[in-house]
Enquirer: 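Please find one structure pasted underneath; my questions will follow.
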Amino acid sequence: MGIWHSDGLRFGADYNPEQWPESTWAEDVELMRQAGVNLVSVGIFSWALLEPTPDRYEFGWLDRVLALLHDGGIAVDLATATASPPPWLAHRHPETLPRRADGTLLWPGARQAYCPSSPVFRQRSLALVEALATRYTDHPAVVMWHVSNELGCHNTHCYCDVSAEAFRGWLRERYVDLDRLNEAWGTAFWSQRYHDWAEINPPRTAPTFVNPTQQLDFLRFSSDEHRAQLRAEREVLHRLTRHPVTTNLMLGDGGRYLDYHSWADDMDLVSNDHYLTAADPQAHVGLALAADQTRGVAGGAPWLLMEHSTSAVNWQPRNLAKTPGQLRRNSLAHVARGADGVLFFQWRASRAGAEKFHSAMVPHAGTQTKVFREVCRLGSDLRALGEVRGSRVDADVAILVDAEARWGAELDAHPTVDLDYAERLRSWYDAFWRCGTTVDVVHPSADLTGYRLVVVPTLYLVRDPDVDALDRYVRQGGTVLVTFFSGIVDEHDHIRLGGYPGAFRDLLGVRTEEFFPLGEGERVNLDDGCTADVWAELLHPLGAEVMSGYADGPLAGVPAVTRHPYGSGVAWYVGTRLDRAGTARLVARLVTESGVQPPVPSPSGVEVVRRRTDGRSWLFVINHTEQDVTVGATGMDLLTGRSHDPEVTVPAGEVVVIRESSPPEG
Ligand code: GLA
């Protein structure tokens, strides 16, 4: 059995049999078969059971579980079990525990209590990986390997002495000599010049603002340390086994301090965990964004949804249960956006431990439940959708995202605390979602050829090659939209001088001499009827056309939105935070002007995405509204087997997946 199932997409969950008496396991497998489960992740938090004391391994229980699963025809994504060290590690090696910036020690008793730079943790974890890989390399149930779990979720940054030493090593490699580090960090400021590497520390809690480049480098270093764990485990797995290796990312908001773009080549298959934010009334749009980001990290290739929830989680302030049908819409939206498998956290709801109020495929109340019925329905849906496996998502628009630009933009001591990178990204993304346009969410270094429109929200920090690529893209006929606080600094967080937005002045045909952030809650009017808040700037057009300007506020009469014909293309600039209507109006205009087409026109609140592969295409239509809707589509709905021509009616809250009779040009 390979990683991709021959009959349908992958479907399953984290399976934690060690939390249950062995007598439950046979029933688990039976119920999994009933639900259509064909892949489970096993052993994620099992280190303390697999290696109860150092170097003494107990694999008997895992042997028995894997045999049962294999007999039931269920494939296994075997975890390396390194996600959370056993209590004996901290007991014997307290120096493996992580510390916060203020020196607080993080004790064991929860999970992930390890310093990512600890050589002891690295050595002990790799010994476990080696033992597991050796034992299970030829196990017929195992089809892939799952490194750790959400690397860096709770121990993203560690400021202990071990980390400090590792940070100095990382800096030596990056800068080679101290003069270069002093230059990059701008240490002439505030008497910070270093004369010896030993004087350098992580950005621990200090009397006031810590050197921003030191902070930025520490964020880079920390992401690299988690990546190094992934690479080290993968190296062992590649040496000893032949199956693909993944690790579950946290694209959504969780992974903000991990530069996943740089991890892309360290996974044989990209997988992601996604949980809805209950407080977000448009949480399904956040889901779509996370899925599109995952596809971006995967370079457009199919990916795996490693975890999401069947209903409520347990870790938000108010954990809302999913309404009937929401589980299905969420799952199929991930598939629409490129997932070739849908897994949950977790199979059976725990009866003990911190996650006992987290939903699962088998709830505490058992199988006579809304959740289990919906799980079974989804299992049969995914079987019916098998033929979409391996196809790719169509998109004409790219939004550029960059972890480092976000880190830089959100450092302290900036013009305003009201600028929120994730909010800016989401607001532009929302506008495209609402007008039915599918976008790719990619790194600034991605190949932009083929996109009709590229959106660049708050790309504060940008590297020269990426500036040049964007410039070339527009000269050759592309349309770009750049938004405020972009192109401000280079990779060292040094201002690009001569007027903002330094990196993009020529492209945009504007020069800003001063930022005018707005007061808390202050709103200004624009002369085209929109309003704006948070940000304004004293901007001079240098070749750009003025599309709208401030009608009042501190910059009355100054341009706010500009348009610059450049080479064979056009470069737009938005120097403020437009309201929702203004954002939507601008996106509608850009979509029309650049010739972007939605997969098919659809009413508001209806998500339509097309997947295609040589000569065949499928239209996913997800109705998030409370009314039945009709969209143009000709072909067969894989979920019902019914044919539709020339339109299909999608009942309120339902989903159709049409195999199109004649795939459009793409
Ligand atoms: C994360 C973890 C899981 C579990 C879920 C709960 O995704 O990977 O182990 O804790 O959150 O939502």
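Counting starts at 1 for both ligands and their atoms, in listed order. Atom set for the values below is all heavy atoms of this structure, side chains included, hydrogens, waters and symmetry mates excluded. Quantities reported herein were computed from a predicted structural model and do not represent experimental measurements.
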Enquirer: Using the side-chain hydrogen bond (donor to acceptor under 3.5 Å, both in side chains) rule, collect all pairs that involve residues 364-379, keeping only residues at least two apart or in two chains.
Expert: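 side-chain hydrogen bond (donor to acceptor under 3.5 Å, both in side chains) check on residues 364-379 returns Arg377-Glu654.
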Enquirer: So His139 and Tyr136, would you call those rings parallel, tilted or perpendicular, with 30° and 60° as cut-offs?
Expert: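 Correct class here is tilted.
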Enquirer: Return the orientation label for the Phe167 and Phe221 ring planes: parallel under 30°, perpendicular over 60°, tilted otherwise.
Expert: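 Tilted, since the angle between the ring planes falls between 30° and 60°.
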Enquirer: Tabulation required: pairs of a nitrogen or oxygen in ligand 1 and a protein nitrogen or oxygen under 3.5 Å; columns are atom names and distance to 0.1 Å; otherwise 'none'.
Expert:
unit_1: ligand 1; atom_1: 7 (O); unit_2: Glu150; atom_2: OE1; d: 3.4
unit_1: ligand 1; atom_1: 7 (O); unit_2: Glu150; atom_2: OE2; d: 2.6
unit_1: ligand 1; atom_1: 7 (O); unit_2: Glu307; atom_2: OE1; d: 2.4
unit_1: ligand 1; atom_1: 8 (O); unit_2: Asn149; atom_2: ND2; d: 2.8
unit_1: ligand 1; atom_1: 8 (O); unit_2: Glu150; atom_2: OE1; d: 3.3
unit_1: ligand 1; atom_1: 8 (O); unit_2: Glu150; atom_2: OE2; d: 3.4
unit_1: ligand 1; atom_1: 8 (O); unit_2: Glu307; atom_2: OE1; d: 3.2
unit_1: ligand 1; atom_1: 8 (O); unit_2: Glu307; atom_2: OE2; d: 2.8
unit_1: ligand 1; atom_1: 9 (O); unit_2: Arg111; atom_2: NH1; d: 3.0
unit_1: ligand 1; atom_1: 10 (O); unit_2: Arg111; atom_2: NH1; d: 3.2
unit_1: ligand 1; atom_1: 10 (O); unit_2: Arg111; atom_2: NH2; d: 3.0
unit_1: ligand 1; atom_1: 10 (O); unit_2: Glu355; atom_2: OE1; d: 3.4
unit_1: ligand 1; atom_1: 10 (O); unit_2: Glu355; atom_2: OE2; d: 2.3
unit_1: ligand 1; atom_1: 12 (O); unit_2: Trp315; atom_2: NE1; d: 2.8
unit_1: ligand 1; atom_1: 12 (O); unit_2: His358; atom_2: NE2; d: 2.7

Enquirer: For the residue pair Tyr15 and Trp347, does the interplanar ring angle fall in the parallel (under 30°), tilted (30 to 60°) or perpendicular (over 60°) class?
Expert: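 Aromatic pair Tyr15/Trp347 classed perpendicular.
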Enquirer: Taking side-chain hydrogen bond (donor to acceptor under 3.5 Å, both in side chains) as the cut-off, I'd like each qualifying pair that reaches into residues 353-362, sequence neighbours left out, listed once.
Expert: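 Checked against side-chain hydrogen bond (donor to acceptor under 3.5 Å, both in side chains) - neighbours excluded - the pairs reaching residues 353-362 are Thr310-Ser359.
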Enquirer: According to ring-ring contact (aromatic ring centres under 6.0 Å, His included), who are the partners of His261, at least two apart in sequence or on a separate chain?
Expert: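 Here the qualifying residues are His443.
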